[in-house]
Amino acid sequence: MADRVTVIGYDGGPLSAPAVQALRAATLVAGPERVLAAVEVPDGAERVVLGNVHVAAQRIGAHRGIAVVLAIGDPGFFGIVRLLRRPEYGLELEIVPAVSSVALAFARASMAWDDARVVSALGRDVRRAANLCRAFGKVAVLTGSGAGPAELAALLTDVPRTFVVCERLGTEDEEISMVSAEHAIGHEWSDVDVVIVIGPAPRTGAAAGWVAGERPGFPGPVRGWALAEESYAHRAGAITRAEVRALAVARLGPRLGDLVWDVGAGSGSVGVECARHGAAVVAIEQDAFRCDLIAENASRFGVEVQVVHGKAPEVLARLPLPDVVFVGGGGPSTLAACAARRPERIVAALSEVDRVAEARAVLERAGYTVDGCLLQASRLSAPSGGALGLEPAHPVFLVWGDRS
């Protein structure tokens, strides 16, 4: 095992005194090729270019001597420290951090970043990073092979977003570009470290929140979810009741990185509830007035919901792939079209018992495990003569399919 392993962050500036001292004593130096070329590696020290980091970690662990690992930015922030601390490598580390590439990117863009989400697409599903960019107006994406500006932008052409592409951060060839999704797709990028994805109206002068990564005031002044119908702007009767919404959202299980379809959205109450859980949401509604109500409700709760004016199932073919789907309106053809896109879960609200068997058959044919229930919620009303009052029940069938 190496006698000592020091992990040094490099941001393009001069190394700190502890970093220089560790590097001068090193008998093995590992790092990205561009960083190895930028620092003074001692004569006679073994050089290890970080390609396959697991192979490099094994080589460092087998080295007898003093090892230094060079990393871009802060090695403890989506960096190599997590891998080197794995127990199978048995390494004890000293860490000398530098300015993270995310902090450097926001500094170059002259933007605060305590309200930004930060996500790594390096070796991960770029679609989930794109969904986060749909749900939030300021997201920094750490890029990787196959998950760069072009791939990210290709998944976001249907929403208004601006890309701040940071190439070769901290080097003499550093370049910062602010472009549209269309330009990001068509351009050939070189050595991209970070992409900042900005929504249509960043609140640059907004007061700071109290927790990093959240919108100022998110999730807003209203506590809880499955809120009363009066919390939403809606036409009389054209809203999913709170009790139904509670179970529907519980079965959907929306989370960060998910894309939710709210089909036949009405007032958009289900979609807004999902967005308040951090998911990206596309609300599909054929009535133009209701589309305006959806936008109003999203704004009321400070969330982003993409509103698509169109009739299902025809309009569904051009939408991005969903993770979960709520169907509040539409017949068997709509439910079948949703199932054809292979979301993990589908929840459908039905008002007529005759449609339940049909919906179940559609989901089962598509390979889903199906369950459901009848909800009959009788709300308390004002007491009359000291007796407990109950409003009439409003029965609704919920049918859900699970592909997992």
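These numbers come from a predicted model, not from an experiment.
Among residues at least two apart or in separate chains, there is no side-chain hydrogen bond (donor to acceptor under 3.5 Å, both in side chains) pair with a member in residues 332-349. Contacts classified as side-chain hydrogen bond (donor to acceptor under 3.5 Å, both in side chains) and involving residues 305-316 (residues at least two apart or in different chains) are given here: R134-Q306, D158-Q306. Sorted by first and then second residue, the side-chain hydrogen bond (donor to acceptor under 3.5 Å, both in side chains) pairs with a member in residues 93-104 form an empty list; sequence neighbours excluded. Residue pairs that meet the side-chain hydrogen bond (donor to acceptor under 3.5 Å, both in side chains) test with at least one member in residues 255-274, sequence neighbours left out, are R128-D258, Y232-E273, R245-S269, R245-E273. Residues in residues 325-365 take part in no ring pair (Phe, Tyr, Trp, His ring centres under 6.0 Å) pair, two or more places apart or across chains.
Legend: residues meeting side chain to side chain contact (heavy atoms under 4.5 Å, CB included) with Q376, ordered by chain and number and at least two apart, are L374, A393, P395. Judged as a side-chain hydrogen bond (donor to acceptor under 3.5 Å, both in side chains), and not counting sequence neighbours, Q21 has no contacts. Partners of E296 by salt bridge (charged side-chain N to carboxylate O under 4.0 Å, His left out), not counting sequence neighbours, listed by chain and number: R300. Residues that satisfy the side chain to side chain contact (heavy atoms under 4.5 Å, CB included) test with I185, not counting sequence neighbours, are A153, A154, T157. Partners of E230 under the salt bridge (charged side-chain N to carboxylate O under 4.0 Å, His left out) rule, at least two apart in sequence or in another chain, do not exist in this structure. Every residue was checked against the salt bridge (charged side-chain N to carboxylate O under 4.0 Å, His left out) condition with R82, not counting sequence neighbours, and none meets it. For R59, the salt bridge (charged side-chain N to carboxylate O under 4.0 Å, His left out) partners at least two apart in sequence or on another chain are E46.
Side-chain atoms of R403 and P343, non-hydrogen and from C-beta on, never get closer than 4.5 Å to each other.
Other residues, nucleotides and ligands place more than 12 heavy atoms under 6.0 Å from the CD atom of E88.
Contact record, G9 with P75: CA-CD, 3.8 Å, taken as the closest heavy-atom pair. Here the shortest heavy-atom pairing between L335 and A348 reads CD1-CB, 4.2 Å.
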